[in-house]
Amino acid sequence: MTILISQLKVFNMDSREFRRRGKEMVDYIADYLDGIEGRPVYPDVEPGYLRALIPTTAPQEPETYEDIIRDIEKIIMPGVTHWHSPYFFAYFPTASSYPAMLADMLCGAIGCIGFSWAASPACTELETVMMDWLGKMLELPEAFLAGRAGEGGGVIQGSASEATLVALLAARTKMIRQLQAASPELTQAALMEKLVAYTSDQAHSSVERAGLIGGVKIKAIPSDGNYSMRAAALREALERDKAAGLIPFFVVVTLGTTSCCSFDNLLEVGPICNQEGVWLHIDAAYAGSAFICPEFRYLLNGVEFADSFNFNPHKWLLVNFDCSAMWVKKRTDLTEAFNMDPVYLRHSHQDSGLITDYRHWQIPLGRRFRSLKMWFVFRMYGVKGLQAYIRKHVKLSHEFESLVRQDPRFEICTEVILGLVCFRLKGSNQLNETLLQRINSAKKIHLVPCRLRDKFVLRFAVCSRTVESAHVQLAWEHIRDLASSVLRAEKE
């Protein structure tokens, strides 16, 4: 046994080996990102490709680091969709920056599980301050900031989907407690059957999923011609449901929908929610980053009516995944819904009123030191650098829009406000489906579609940190050439 342990130590990575391999890995990452433009943006593999390339069981004996690194290029990279390629125009951006990567390394090294202040004071306190920094960048109302004595505050969630679920569960708990305080004979089960939440028919599917998890009805409000939820349609649904004995309790307003980056009318919907005593949650997962620019801040007008607000710095603000920023006006709305306080999690400062324990703000107990990424990025880019990054992407999207408008075979399907252009060939859905299939099969660029009413539409989202005008121009020429081929085939 002694001999075996001694032999195994040879294969353990000590600090000296870690320094060497760590430097090599930084070089590998930098080379990967520097050369990413030369890799096919979309992988040429079939489902199940990877299982055939690796053993069916873990190795009994340690393997060398060199073998693992070789297998990255041999096994992993052939199956990677390169989200940070300047030819990736699908979905929405996923943020990537070197400062955030360095902060993630430090986060992994510190390795704290920041469920309470006592578990790692810096982890909790930096998050509170960073969320105030970001809230001020967005010009959020003072009520959403923690400050030194505020009732609100921010928390980093894992995703916008998680933030929506947290808000829904908090709203559900708050409404049930209010109703039971007025009518103690009402059971929670009886009330749950009557609770109903609302969102636009353009909202992300995560809102419906939150309703499934939360055990409440979710109703889709028909959007208008600009794919926006308006007051009249919401009011009609509320009145109809109240007359039927249902209890409206939660509304999600989307600012920057996934399909086409449309905006629900917050200034109309917000006052109705306040009048009806309904929790208003704002989901601005993609678009929220743009609100740090004064010229786009108007898109957030009406946020003062909200109870909670969320967007993803890990989409468009150069803070690597995962980092979803959520604010609430009254943090007790969350802590009273999620507070579980076993003796092994208690500490002497938890009732001081000076700090928060973030385990009461979220679904999981554990949490990473994610605010380090915000701290590094905000300090190394500065607000002006982040604003310039957003503006560059918006400028490139309008450049692509202009190119599309110059070709009479194509049409722009929605107003281009930020970094997304929805476009299509004039013609049938089948024609556009064929065009998209040709685009993605060629693997020079990557796009995904959406459906707007009865139309199949192509989405062109400016995503990569390194994308330039030349990449947009090449992408458009590629799309035009494939469109010509598709149109010729249709005539034959």
Side-chain angles (χ1 to χ4, degrees), residues 41-42 81 83 87-94 199-208 220-229 254-264 283-287 290 299 315-316 393-394 396-463 467 471-472 475-487 489-490:
V41 65
Y42 194 74
T81 299
W83 280 63
Y87 296 115
F88 182 93
F89 301 105
Y91 310 107
F92 275 133
T94 181
T199 193
S200 164
D201 59 8
Q202 298 300 308
H204 192 271
S205 59
S206 61
V207 181
E208 183 179 0
I221 304 299
S223 55
D224 68 6
N226 293 317
Y227 307 101
S228 173
M229 179 166 62
T254 305
L255 301 181
T257 59
T258 302
S259 292
C260 64
C261 199
S262 60
F263 291 78
D264 291 339
D283 176 9
Y286 161 68
L299 295 166
K315 277 193 169 67
W316 205 13
H393 275 201
V394 175
L396 290 173
S397 74
H398 285 294
E399 179 179 346
F400 183 80
E401 176 194 15
S402 176
L403 292 169
V404 175
R405 291 191 184 280
Q406 292 171 32
D407 190 324
R409 301 175 300 173
F410 287 86
E411 60 182 339
I412 297 291
C413 302
T414 58
E415 181 183 4
V416 178
I417 299 175
L418 298 178
L420 176 68
V421 182
C422 290
F423 71 107
R424 70 194 301 274
L425 277 170
K426 295 175 182 176
S428 68
N429 286 342
Q430 182 59 53
L431 185 70
N432 284 278
E433 289 177 25
T434 301
L435 174 58
L436 181 64
Q437 190 274 329
R438 294 276 186 92
I439 290 170
N440 286 333
S441 293
K443 297 179 173 58
K444 290 185 177 180
I445 65 173
H446 188 40
L447 305 181
V448 295
C450 68
R451 191 171 289 275
L452 297 176
R453 307 289 189 240
D454 60 343
K455 286 187 176 181
F456 185 89
V457 173
L458 281 64
R459 298 169 74 263
F460 185 94
V462 179
C463 293
V467 67
H471 302 113
V472 172
W476 173 239
E477 288 303 315
H478 181 56
I479 292 168
R480 285 188 66 199
D481 290 345
L482 291 176
S484 297
S485 173
V486 168
L487 291 169
E490 186 186 43

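Because the structure is predicted, anything quoted here is derived from the model rather than measured.
Of all non-hydrogen atoms in Val41 and Ile445, the two that sit nearest each other are CG1-C, 3.6 Å. When all heavy atoms are compared, the tightest approach of Glu433 to Arg451 is OE2-NH2, 3.9 Å. Taking each heavy atom of Phe92 and Trp83 in turn, the nearest pair found is O-CZ3, 3.7 Å. Closest approach of Ser223 to Ser200, counting heavy atoms only: CB-OG, 4.0 Å.
Using a 4.5 Å heavy-atom threshold, the side chains of Leu487 and Leu425 count as touching. Within the 4.5 Å cutoff, side-chain heavy atoms of His393 are placed close to those of Val467. Between Ser397 and Glu401, the closest side-chain pair of non-hydrogen atoms is not below 4.5 Å. By the 4.5 Å heavy-atom criterion applied to side chains, Leu458 and Phe456 are counted as neighbours. For the pair Val462/Val394, no side-chain contact is recorded, criterion being any heavy-atom separation below 4.5 Å from C-beta on. Counting only heavy atoms from C-beta outward, the side chains of Asp264 and Ile221 never approach each other to under 4.5 Å. You'll find the side chain of Asn226 stays beyond 4.5 Å of the side chain of Gln202, heavy atoms only. The closest side-chain heavy-atom distance from Ile417 to Leu299 is below 4.5 Å.
Between Phe400 and Phe460, the ring planes are parallel. Angles under 30° get that label, and only those over 60° would be called perpendicular. Aromatic ring orientation, Trp476 versus Phe423: perpendicular (interplanar angle above 60°, classes split at 30° and 60°).
Formation of a donor-acceptor pair under 3.5 Å by the Arg438 side chain with backbone atoms of Ala483 is not found in this model. Side-chain N or O atoms of Asn432 include none that pairs as donor or acceptor with a backbone N or O of Val457 at under 3.5 Å. Ser484 places a side-chain N or O within 3.5 Å of a backbone atom of Arg480 that can act as its donor or acceptor partner. At distances below 3.5 Å, not a single donor-acceptor pair connects side-chain atoms of Ser228 with backbone N or O atoms of Asp224.
With sequence neighbours left out, the side chain to side chain contact (heavy atoms under 4.5 Å, CB included) criterion links Cys261 to Phe263, Tyr286, Leu418, Leu420.
Screening residues 413-430 for salt bridge (charged side-chain N to carboxylate O under 4.0 Å, His left out), with sequence neighbours left out, gives Glu411-Arg424.
More than 12 heavy atoms of other shown residues, nucleotides or ligands fall within 6.0 angstrom of atom CZ in Phe410.
Checked options Gln406, His398, Arg405; the residue passing with Ser402 is Gln406 (criterion: side chain to side chain donor-acceptor pair (under 3.5 Å)).
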Working note: Tyr227 + Leu452, criterion side chain to side chain contact (heavy atoms under 4.5 Å, CB included); need CA distance, chi angles, decisive distance, verdict.
CA-CA 9 Å; Tyr227 307 101; Leu452 297 176; 3.5 Å; yes
Take Tyr87 and Lys444 through the test side chain to side chain contact (heavy atoms under 4.5 Å, CB included) and record every step on the way to the result.
CA-CA 7 Å; Tyr87 296 115; Lys444 290 185 177 180; over 6 Å; no
